[in-house]
Structure formats: C-alpha cells, structure tokens
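All remarks here apply to the structure that follows.
No experiment lies behind these values; they were computed from the predicted model shown.
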Amino acid sequence: MNIYDDLLWRGLIKDFSDPELKDKLNAGGMTFYIGTDPTGDSMHIGHFSSFLIATRLKKAGHNPILLIGGATGLIGDPKPSTERPMITKEEVNHNVKCLSEQAKNIFGFEIVNNWEWSKDINFIDFLRDYGKYFSVNYMLDKDVVKRRIDEGITYTEFSYMIMQALDFLWLYEHKNCTMQVAGQDQWGNITAGIELIRKKIGKTAYGFTMPLITKSDGVKFGKTEGNAIWLDKEKTTPYEMYQFFINSEDSMVIDYLKKFTFLSREEIENIEKKHIEKPEERLAHKTLAKEVITFLHGKDEYDNALKISEALFSDKIWELSSTDIINNLKDIQKLEIDGSKTIIDVLIDNSICSSKRDAREMVLNGAISINNKKVTDVTYIIDKNSAIDGTVILLKKGKKNYYLGICK
RNA sequence: GGAGGAAUAGCGAAGUGGUCAAACGCGGCAGACUGUAAAUCUGUUCCUUAGGGUUCCAUAGUUCAAAUCUAUGUUCCUCCA
C-alpha cells in the first residue's frame with residue numbers, strides 16, 4: 001500500500017492543499033516540516049499522533065524537519081475560546097530546551113527553532129516585507145479569527161498566522177521545505193504560509209492536516225483526570241500510560257490502533273476481528289498499549305508496566321512477598337507513611353482526597369481499600385500493623401487508583 | 001470620546017432584600033451492573049472540630065438582615081463617533 005492510501009486508511013488526512021500532493025507523497029523525496037510551540041516542558045499524547053505522521057512520511061522516503069516555536073511561543077496561537085495567557089521568555093526558553101531534547105530522543109528528526117530567523121526582524125520590516133502580503137479581509141476570514149470575533153482577540157494573537165507563514169517561507173527558501181503537516185486546527189496557518197510563498201516568491205508549497213483525535217463523545221483525546229498524558233516518563237509513568245490505553249473505549253480502540261501504531265492493515269484487521277468476537281479479552285487495548293509504550297520508552301519499560309498492571313488487576317499480588325511488591329510496583333504513586341495515622345489523614349496528606357469531608361465520604365462509600373480489604377471505618381489507623389509483612393501498604397481508591405505505602 | 005449592557009461554584013445558567021451554601025444542566029468523583037469498556041441507575045461535588053465558618057468581580061456604604069440596594073473602581077460585550 002502506498003503512503004497516501006495508508007494515511008487515508010488510518011484516517012490521518014483531513015484537509016489537503018492540492019490534489020497533486022497525492023502523487024508527490026507517493027513519490028517521496030520531499031522535505032516537510034511539522035511544528036509545535038513550547039507551551040509546556042514535555043510533549044503529550046496529542047503531539048505524539050501528529051509526530052508519528054512525520055515518522056510515517058520519513059519511512060516513505062521524505063525528509064522531516066521539526067520546528068520548535070521559540071518565537072511563536074512568545075506570541076500564542078489563538079485558541080477558539082479565549083486569549084492565551086502569555087508565558088515568560090525564561091519559561092519559553094526552558095520549554096524549548098526540554099522539547100528539543102525530548103523530540104530528538106524519541107523521533108530523531110532535524111530540529112529548528114523559529115527564534116533563529118524571527119528575532120532580527122524589526123517591526124517596520126515585518127510590516128513592509130510580510131504584512132503587505134496579507135489583507136485583513138483574508139485574515140478575518142480564517143476560522144480561528146472568526147470564532148474569536150465575539151469573544152475578542154488581541155492584535156498580538158491576530159498576527160500569529162503571519163509569523164507561522166513566514167516560518168514556512170523561511171524553511172522553503174533555506175531548507176527547500178515544500179510541505180507542512182499539522183493538526184486540523186493549523187489549517188488556516190498552513191494556507192497562510194502557502195499563500196505567502198506563492199505571492200512573495202511565486203512558488204508552490206503544499207500542506208495537509210490530520211483530524212483531531214477524539215473520544216466517542218467528541219471530547220479531545222488524551223486527558224485523564226484533568227491531566228494530559230505526557231510523553232515524558234517522569235510526568236506520566238509507563239504504568240500510567242498502560243492504564244490509559246487499556247481503558248480506551250471499545251468503540252474507538254481500533255481507530256487508535258490505526259493512528260498510534262505502525263501495525264499493518266492486515267495486522268489491525270486481524271486484531272479487529274478478534275476484538276469483535278471477544279471484546280472482554282481486550283486484545284486491541286493491550287496491543288495498543290504495548291506498541292505505544294515500546295516505541296516511546298522501550299521494551300523494558302513496557303514489560304514493567306505490564307507486570308504491574310497484571311499484578312494489580314488480577315489478585316496475583318496477594319501471593320507476592322513485600323519485597324516482590326516493592327520491586328515490582330516502582331511506578332505507582334507512593335504514599336507518605338510515618339508512624340501511625342488515621343485513614344482520613346493519609347488520604348489528605350497524599351492529595352488523594354481534597355478535604356476531610358471528601359475523604360470521609362470516600363471511606364463511607366466503600367471506595368477505599370487497604371491491602372485489598374474495604375475499609376469503611378473512618379477511624380481506621382494505618383501503621384505497621386495494617387501492613388503486609390509489617391512494611392507494605394497497598395491503598396486503592398475506587399476501582400483503578402492504586403497507591404503504595406512503605407513503612408520503615 | 002459618548003450611550004447602554006454584563007460579571008454567580010470547574011463550565012453553562014437561575015436567583016433582583018430575609019425561607020440562599022445559592023435551583024437546574026454539563027463536567028468531576030464514588031457506588032451498583034460489567035470486562036479496568038460503553039450505556040444505564042444511585043449517591044456526591046466550598047470548608048468544618050458537625051456547633052458552625054467563609055462565599056456570588058473589588059472596595060466602601062445603606063439595612064436588624066445584601067448574591068440581591070447605593071457609590072467608586074476593575075474587566076468584558078454591544079451600539080454610536
């Protein structure tokens with residue numbers, strides 16, 4: 001299967017700048033870029049899917065460049081809802097450094113920073129050399145701007161698309177970069193770049209976007225309990241990531257396999273068949289977790305995540321000794337246990353519950369287990385006596401949240 | 001610069017002097033059923049030493065009593081120039 005058909009089958013193509021691009025994609029040999037702004041110090045699962053497209057294209061013989069927006073990150077891409085809070089220059093620099101390193105480790109692409117060519121453009125030149133190519137009418141017609149007309153948009157964010165357009169132009173001129181790939185929310189910015197290149201130097205550039213990955217209710221994919229799933233294993237442990245994927249909705253899991261893994265069409269269709277026959281075995285979920293974690297963190301981390309998950313969710317754990325537990329569960333969240341405390345205090349001190357009222361409610365609801373036994377007594381004392389072998393306390397909140405306490 | 005309007009819990013949105021810790025919806029969390037899925041049903045969602053305490057943009061006031069009235073300020077929106 002050629003790359004275009006493969007991307008199409010995986011549902012990774014949303015907007016497409018030019019029908020000609022299809023043949024160009026299949027021919028290979030294009031230099032293209034994919035960008036991200038340094039809004040945080042780690043990429044999350046949302047970046048992952050789009051960067052994987054770059055890997056797919058690379059495998060098809062294209063040449064990827066990764067752009068980190070050290071300049072555009074200082075301005076802020078307009079969100080559909082509200083103005084972004086500005087982040088400090090120090091923070092941006094820090095994030096640029098973290099993201100560059102992370103991207104290099106995971107994907108190994110050439111990395112550029114648009115600060116390099118944006119920093120010396122002065123305001124007058126900006127207006128004369130670039131502003132002149134954009135009519136306000138054209139800019140107002142962009143979806144991101146339109147959606148902000150009622151809410152309000154500052155001149156700063158309004159200007160963002162020009163900055164991104166000049167990135168594309170610069171890369172075209174200096175790196176022979178002829179294509180830009182991004183998420184669907186970037187479509188307006190991509191076309192602005194294509195327009196600028198056409199008007200200013202009379203060349204044709206290309207671009208396409210991938211659709212936003214959502215859950216079945218339309219909510220953006222990639223968050224759990226309000227937190228993003230980060231690619232940095234210090235921020236989201238492989239175990240947490242395993243749990244995230246294993247809990248994917250049945251109705252979406254095949255779609256995720258297409259978008260997050262390199263498995264072939266035959267392999268995925270085969271898994272889909274088994275998934276439909278025996279959904280309770282969750283083969284698709286397990287494969288998804290395995291593929292992604294192995295790609296990001298390697299086989300050892302995956303094996304460990306799998307081992308923890310199987311231990312916690314199969315009751316095998318109760319056959320293990322305290323030493324085994326400590327060695328095997330290194331990724332689950334730790335509890336501070338010193339001396340003896342009531343269960344309420346333990347829940348609050350470890351931010352498992354937000355207040356005493358909340359903690360008491362959890363206990364009374366039967367949501368809290370210590371070493372797999374439900375605790376419904378709010379005065380229950382946690383100390384060595386309640387620990388396995390006098391050292392290990394495994395606390396569970398709800399069905400899926402485990403915490404490990406070690407008594408010394 | 002001028003004229004109007006708005007600001008309520010994570011979000012949306014009721015409430016226009018006491019019966020308001022503030023209806024309702026969404027979201028979150030938990031329980032039941034399951035397969036660590038979805039759907040459904042139930043409970044819960046400011047803090048608490050369970051007596052109460054602190055809230056409705058901010059500050060100052062009126063009142064026995066303020067989310068609700070007054071003044072000033074802040075922010076946002078609409079229209080006019």
Side-chain angles (χ1 to χ4, degrees), chain A residues 78-86 146-155 157 214-229 237-257 271-272 274-290 293 305-317 329 331-333 341-345 347-370 372-376 378-379 394-403:
Chain A
K79 287 198 289 188
S81 46
T82 53
E83 196 82 2
R84 274 178 205 275
M86 286 227 278
K146 265 198 243 170
R147 282 201 270 183
R148 286 280 295 278
I149 291 296
D150 282 348
E151 190 66 29
I153 181 169
T154 60
Y155 186 70
E157 289 196 358
T214 59
K215 301 197 283 184
S216 59
D217 57 6
V219 174
K220 199 167 165 183
F221 174 80
K223 298 221 163 152
T224 175
E225 289 166 34
N227 296 315
I229 298 295
T237 64
Y239 161 73
E240 284 167 334
M241 192 174 273
Y242 187 92
Q243 288 300 313
F244 174 74
F245 283 115
I246 210 81
N247 280 305
S248 301
E249 297 169 83
D250 279 19
S251 60
M252 300 301 288
V253 69
I254 299 300
D255 194 44
Y256 299 154
L257 273 175
I271 291 168
E272 184 172 18
K274 290 181 183 157
H275 168 68
I276 291 168
E277 280 167 13
K278 290 196 171 178
E280 69 277 11
E281 289 191 356
R282 282 172 295 157
L283 175 67
H285 302 75
K286 288 175 184 168
T287 311
L288 176 64
K290 178 183 173 186
I293 296 169
L306 178 67
K307 202 158 66 179
I308 300 173
S309 298
E310 288 194 335
L312 288 177
F313 290 94
S314 72
D315 282 351
K316 271 189 221 153
I317 188 127
L329 303 192
D331 271 359
I332 75 168
Q333 196 181 321
K341 277 183 189 169
T342 67
I343 185 147
I344 301 292
D345 287 336
L347 290 173
I348 293 168
D349 293 350
N350 292 285
S351 310
I352 298 168
C353 295
S354 62
S355 69
K356 290 198 178 181
R357 205 216 72 266
D358 187 24
R360 198 175 300 127
E361 197 178 291
M362 286 292 169
V363 174
L364 292 173
N365 273 339
I368 305 294
S369 299
I370 298 286
N372 217 25
K373 282 202 199 82
K374 265 189 191 179
V375 173
T376 49
V378 292
T379 60
L394 197 59
L395 187 148
K396 180 167 75 155
K397 185 196 94 173
K399 216 167 0 178
K400 313 174 195 174
N401 307 297
Y402 284 94
Y403 306 86

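When both pairing distances are held under 3.5 Å, B:rG1 makes a Watson-Crick or G-U pair with B:rC80. Remark: B:rU36 base-pairs with no nucleotide in the shown strands. Criterion, Watson-Crick or G-U wobble with two distances under 3.5 Å. Remark: B:rC29 base-pairs with B:rG43; criterion is Watson-Crick or G-U wobble with both hydrogen-bond distances under 3.5 Å. With both pairing distances under 3.5 Å, B:rC69 is matched to B:rG61 as a Watson-Crick or G-U wobble pair.
In this structure, A:Lys396 reaches neither bases nor backbone, as no heavy-atom distance under 4.0 Å exists between it and the strands shown. Counting any heavy atom pair closer than 4.0 Å across all strands shown, A:Ser309 reaches a base atom. Residue-level contact check: A:Glu281 touches neither bases nor backbone, having no heavy atom under 4.0 Å from any strand.
Here the P atom of nucleotide B:rG35 and the NZ atom of A:Lys278 are 13 Å apart, to the nearest Å. Following rounding to the nearest Å, A:Met252 (CE) and B:rA39 (C1') show an atom-to-atom distance of 16 Å. When the P atom of B:rA39 is taken as reference, atom CD of A:Glu249 falls 7 Å away, rounded to whole Å. We find that OH of A:Tyr256 is positioned 11 Å from P of B:rA38, with the value rounded to whole Å. What separates CE of A:Met362 from P of B:rG43 is a distance of 17 Å, to the nearest Å. Taking atom CD on A:Glu310 and atom P on B:rU36, their separation rounds to 13 Å, with Å as the unit. Between A:Ile348 atom CD1 and B:rU49 atom C1' the separation is 13 Å, expressed in whole Å. Spacing between atom CD1 of A:Ile344 and atom P of B:rA50 amounts to 14 Å, rounded to whole angstrom units.
For B:rU36, one of the phosphate oxygens OP1 or OP2 lies less than 4.0 angstrom from a side-chain nitrogen or oxygen of A:Arg282. Taking only side-chain nitrogens and oxygens, A:Ser355 comes nearer than 4.0 Å to OP1 or OP2 of B:rC47. The phosphate of B:rA30 (OP1 or OP2) has a side-chain N or O of A:Asn401 nearer than 4.0 angstrom. Residue A:Lys356 places at least one side-chain N or O under 4.0 Å from the OP1 or OP2 atom of B:rU49. Between A:Arg357 and B:rA30 there is no side-chain N or O to OP1 or OP2 distance below 4.0 Å.
Atom name P, nucleotides B:rC11 and B:rC47: the rounded distance is 16 Å, in whole Å. Between B:rU49 and B:rA39, the distance separating the two P atoms is 36 Å to the nearest Å. B:rA14 and B:rU8: their P atoms are spaced 11 Å apart (whole Å). Nucleotides B:rG25 and B:rU70, compared at atom C1', are 34 Å apart to the nearest Å. For the P atoms, the distance from B:rU59 to B:rC24 is 29 Å, rounded to whole Å. Nucleotides B:rA6 and B:rG53 have their C1' atoms positioned 31 Å apart, rounded to a whole Å. With both ends at atom C1', the span from B:rG10 to B:rC29 equals 13 Å, rounded to whole Å. B:rA23 and B:rC56: their P atoms are spaced 16 Å apart (whole Å).
Place A:Gly398 and A:Ser354 on RNA chain B by their nearest nucleotides, and A:Gly398 ends up nearer the 5' end. Heavy-atom nearest nucleotides on RNA chain B were determined for A:Ser251 and for A:Glu361, and the one closer to the 5' end corresponds to A:Ser251.
Using a 4.5 Å cut-off on side-chain heavy atoms (C-beta onward), A:Glu281 and A:Lys274 make no contact. Within the 4.5 Å cutoff, no side-chain heavy atoms of A:Met362 are placed close to those of A:Ile352. A:Arg282 has its side chain within reach of A:Ile246: a pair of non-hydrogen atoms, C-beta onward, lies under 4.5 Å apart. A 4.5 Å side-chain heavy-atom check between A:Leu395 and A:Asn350 finds every atom pair outside the cut-off.
Relative to the side chain of A:Lys399, the nucleotides B:rA30, B:rU36, B:rA38 differ in distance, and B:rU36 lies closest. Taking the side chain of A:Lys400 as heavy atoms from C-beta on, and the options B:rA30, B:rU36, B:rA32, the nearest nucleotide is B:rU36. With distances taken from any side-chain atom of A:Ile246 to the nucleotides B:rA37, B:rU44, B:rU36, the minimum falls on B:rU36.
Against the 90° criterion about 0, the sugar-base torsion of B:rG31 places it in the anti range.
Heavy-atom neighbours of A:Lys290 NZ from other residues, nucleotides or ligands within 6.0 Å: at or below the threshold of 12.
Taking the six-membered ring where tryptophan is involved, the planes of A:Tyr402 and A:Phe313 are perpendicular, since the angle between them exceeds 60° and thus also 30°.
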How far apart are the C-alpha atoms of A:His285 and A:Asp250, what are their side-chain angles, what is the distance that settles it, and do they pass the side chain to side chain donor-acceptor pair (under 3.5 Å) test? CA-CA 8 Å; A:His285 302 75; A:Asp250 279 19; 3.3 Å; yes

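Among A:Glu361, A:Lys356, A:Arg360, the one residue that satisfies the side-chain contact (heavy atoms from CB on, under 4.5 Å) test with A:Val378 is A:Arg360.
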